[in-house]
Chemist: 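Quick one: the structure is below, and I'll ask about it shortly.
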Amino acid sequence: MKKFFALLLAFTLLFLTACNNNPADSTAGTDTGTGTGTANPQNPAPSNELELKDTIVGHYTREFINLPSRVIYANGAMRYYYSKADGKAYVYCFDPLCEHDDGYCLASSELGFTFENTFFINNRFYFHTGFGQIISFSFDGTDKKIEYNTDYGISTNPWGHCMAFGPFIYIDQRSYASEDGIAHTLRFNIETGEMVDLTEKTGNYIYPSFFYNGMLYGYDQGVGFLKADPDLTSCEEIERIPTGSQYLGSRFFSTALDEKNNGIGINIYDMKTGESEMITNETIGIENKPYILYVDENYIYFYQIESIYLGDIWFKDELRPKTKGNDGSIYRINHDGTGLVCIYEEEDFVITGFEATIAGDKFLVEGSNFIVRDNQVETWDKGVLVGTIGADGKIDELKPVEVVE
């Protein structure tokens, strides 16, 4: 009971102070866009209209939620937002009395607010926790609500991947959380608060991957690829589509692999035409496996995966080789594979993130600087870094985002 009243007091203070605690960001408490946390904010977010012509609506992001006024990201166990207004970062909590460690703070990882299961719809965040709950809160962190709470009696993770489209959140319910022991597709309506078990209703199941032109695409419980209408009344197996975590408009961008899993280029699959185009490493002008960090209307941004020996380090009383997975260089090409430019190069740098994002002329990516000296690893500037993209398209330097405590 004591904890309940403490929580009630915290939220009361949060409501009263949230709009005045962040003078640096003039858009605190509102945002004009409706992003969903996808890797490519250029794609429109789901709206209440279930028709987004020739546009992929998916959810693959791991590190950044790029909204019109700010970029939300994580560093360690804490969540921050990078303000596009002043180029500084702030803890994603608007309560001046919060210590961020009580399990209820929006900035704390204990709450379960992770980017893989978070959506931004109609100026409000929705996310599902590992305990089968859907929680929402407003853009400025106020008005947190439990929108839906399961009674599975399962301690953790009854739900897997989810994605949003229109007013709906589609959820993969894991097999051990179902009475019949098989996976189910659930759909939650954020406007009515109704949860529907589409598998129970129709007998069909799909692991939700993305929407395109009003149709849901995903996987069955084996290796098949499916296409279904939003209600799952019609569900058919189709040829597997070469998707990727980066997409723009009607096109997916992914690393092209040979039969030995070697990276041989970049594959672009167009949902509109049903055709794939493979841009070879030779065409691009590179030798190693490309890993795509970001795609915008003009360019593909990537780095090359390669093992680079740095030296031997002491590990459990013996010397072992220490390597890094890339040389720290970031490249840019046109969508047709031409115009290769190295936009950032730093000998001691390594890219550690799964994706990057661009906010205006700022490039954000997770990485670290480190060297091996005297059989020890020396590390600095580790975490989310930001740099300015110049007129020539190159990044001046990548340095840690300035955090305002």
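All values below come from the heavy atoms of this structure, side chains included, with hydrogens, waters and symmetry mates left out. Residue numbers run from 1 in the order of the sequence given.
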Chemist: Does some side-chain heavy atom of Ile371 sit less than 4.5 Å from a side-chain heavy atom of Leu310?
Modeler: no
Chemist: If the condition is salt bridge (Lys or Arg N to Asp or Glu O under 4.0 Å), which residues does Lys201 pass it with, not counting sequence neighbours?
Modeler: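 So Lys201 forms no salt bridge (Lys or Arg N to Asp or Glu O under 4.0 Å) with any residue.
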Chemist: Return the minimal non-hydrogen interatomic distance between Thr55 and Asn213, and the atom names on each side.
Modeler: N-OD1, 4.3 Å
Chemist: Report the residues that fulfil side-chain contact (heavy atoms from CB on, under 4.5 Å) with Asp374, sequence neighbours left out, ordered by chain and then residue number.
Modeler: none
Chemist: Could you give all pairs that pass the ring-ring contact (aromatic ring centres under 6.0 Å, His included) test and reach residues 373-405, with sequence neighbours left out?
Modeler: none
Chemist: I need the full list of salt bridge (Lys or Arg N to Asp or Glu O under 4.0 Å) pairs touching residues 316-333, with sequence neighbours left out, sorted by first then second residue.
Modeler: Glu318-Arg320
Chemist: How long is the gap from OG on Ser178 to CG on Asp197, to the nearest 0.5 Å?
Modeler: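 CG of Asp197 is found 7.0 Å from OG of Ser178.
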Chemist: For residues 262-273, which residue pairs pass the side chain to side chain donor-acceptor pair (under 3.5 Å) check, not counting sequence neighbours?
Modeler: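 Side chain to side chain donor-acceptor pair (under 3.5 Å) check on residues 262-273 returns Ser250-Asp270, Asp258-Asn262.
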Chemist: Quick check for you: to the nearest 0.5 Å, what is the distance between Ser136 atom OG and Phe125 atom CZ?
Modeler: 11.5 Å
Chemist: When rounded to the nearest 0.5 angstrom, what is the spacing between CD1 in Ile134 and CD1 in Ile146?
Modeler: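 Separation between the atoms: 11.5 Å.
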Chemist: With sequence neighbours left out, write down each residue that passes salt bridge (Lys or Arg N to Asp or Glu O under 4.0 Å) with Arg187, or none if nothing qualifies.
Modeler: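 If we apply the salt bridge (Lys or Arg N to Asp or Glu O under 4.0 Å) test to Arg187, skipping adjacent residues, the hits are Asp231.
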Chemist: Testing the basics here: between Ala74 and Arg79, what is the closest heavy-atom pair and its distance to 0.1 Å?
Modeler: CB-NH1, 3.3 Å
Chemist: Without placing hydrogens or testing angles, list every side-chain donor-acceptor pair under 3.5 Å for residues 214-227, not counting sequence neighbours.
Modeler:
| residue | atom | partner | partner atom | Å |
| --- | --- | --- | --- | --- |
| Asp220 | OD1 | Gly222 | N | 2.7 |
| Asp220 | OD1 | Val223 | N | 3.4 |
| Asp220 | OD1 | Gly224 | N | 3.0 |
| Asp220 | OD2 | Gly224 | N | 3.4 |

Chemist: Given Ile266, which of Ile292, Ile286, Thr255, Val295 fulfils the side-chain contact (heavy atoms from CB on, under 4.5 Å) condition?
Modeler: Ile292
Chemist: Using ring centroids (six-membered ring only for Trp), state whether Tyr80 and Tyr92 fall under 6.0 Å.
Modeler: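 Ring centroids of Tyr92 and Tyr80 are no less than 6.0 Å from each other.
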Chemist: Give every donor-acceptor pair under 3.5 Å between a side-chain atom in residues 381-398 and any protein atom, sequence neighbours left out.
Modeler:
| residue | atom | partner | partner atom | Å |
| --- | --- | --- | --- | --- |
| Thr388 | OG1 | Lys362 | NZ | 2.6 |
| Asp392 | OD1 | Lys394 | N | 3.0 |
| Asp396 | OD1 | Thr388 | N | 3.0 |

Chemist: Working to the nearest 0.5 angstrom, can you tell me the gap between Leu232 CG and Thr199 OG1?
Modeler: 6.5 Å
Chemist: May I ask you to check whether over 12 heavy atoms, not counting those of Glu239, lie within 6.0 Å of atom CD?
Modeler: no
Chemist: What do you reckon, are the aromatic ring centroids of Phe120 and Phe139 less than 6.0 Å apart?
Modeler: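 Yes, they do, as the ring centres are separated by less than 6.0 Å.
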Chemist: Quick one about Asn66 and Lys84 (side-chain donor to acceptor, distance below 3.5 Å, no hydrogens or angles considered), yes or no?
Modeler: yes
Chemist: Mind checking whether Phe211 and Tyr170 have ring centres under 6.0 Å apart?
Modeler: yes
Chemist: For the residue pair Phe210 and Phe252, is the inter-centroid distance of their aromatic rings smaller than 6.0 Å?
Modeler: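 Yes - the distance between ring centres of Phe210 and Phe252 falls below the 6.0 Å cut-off.
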Chemist: Would you say the ring centers of Phe119 and Tyr126 fall short of 6.0 Å from each other?
Modeler: no
Chemist: Hey, what do you get for CZ (Arg70) to OH (Tyr82), rounding to the nearest 0.5 Å?
Modeler: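 So the gap between those two atoms works out to 13.0 Å.
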Chemist: Can you list the residues that meet the salt bridge (Lys or Arg N to Asp or Glu O under 4.0 Å) rule with Arg240, with sequence neighbours excluded?
Modeler: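 So Arg240 forms no salt bridge (Lys or Arg N to Asp or Glu O under 4.0 Å) with any residue.
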Chemist: Flag the pair Glu355 / Thr357 as yes when at least one side-chain heavy-atom distance between them is below 4.5 Å, and no otherwise.
Modeler: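 Not touching, per the 4.5 Å side-chain cut-off.
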Chemist: By salt bridge (Lys or Arg N to Asp or Glu O under 4.0 Å), which residues pair with Arg373, not counting sequence neighbours?
Modeler: Glu378
Chemist: Taking salt bridge (Lys or Arg N to Asp or Glu O under 4.0 Å) as the cut-off, I'd like each qualifying pair that reaches into residues 335-352, sequence neighbours left out, listed once.
Modeler: none
Chemist: Taking ring-ring contact (aromatic ring centres under 6.0 Å, His included) as the cut-off, I'd like each qualifying pair that reaches into residues 318-337, sequence neighbours left out, listed once.
Modeler: Phe253-His335, Phe302-Tyr331
Chemist: Which pair of heavy atoms, one from Pro230 and one from Leu198, lies closest together, and at what distance?
Modeler: O-CD1, 3.9 Å
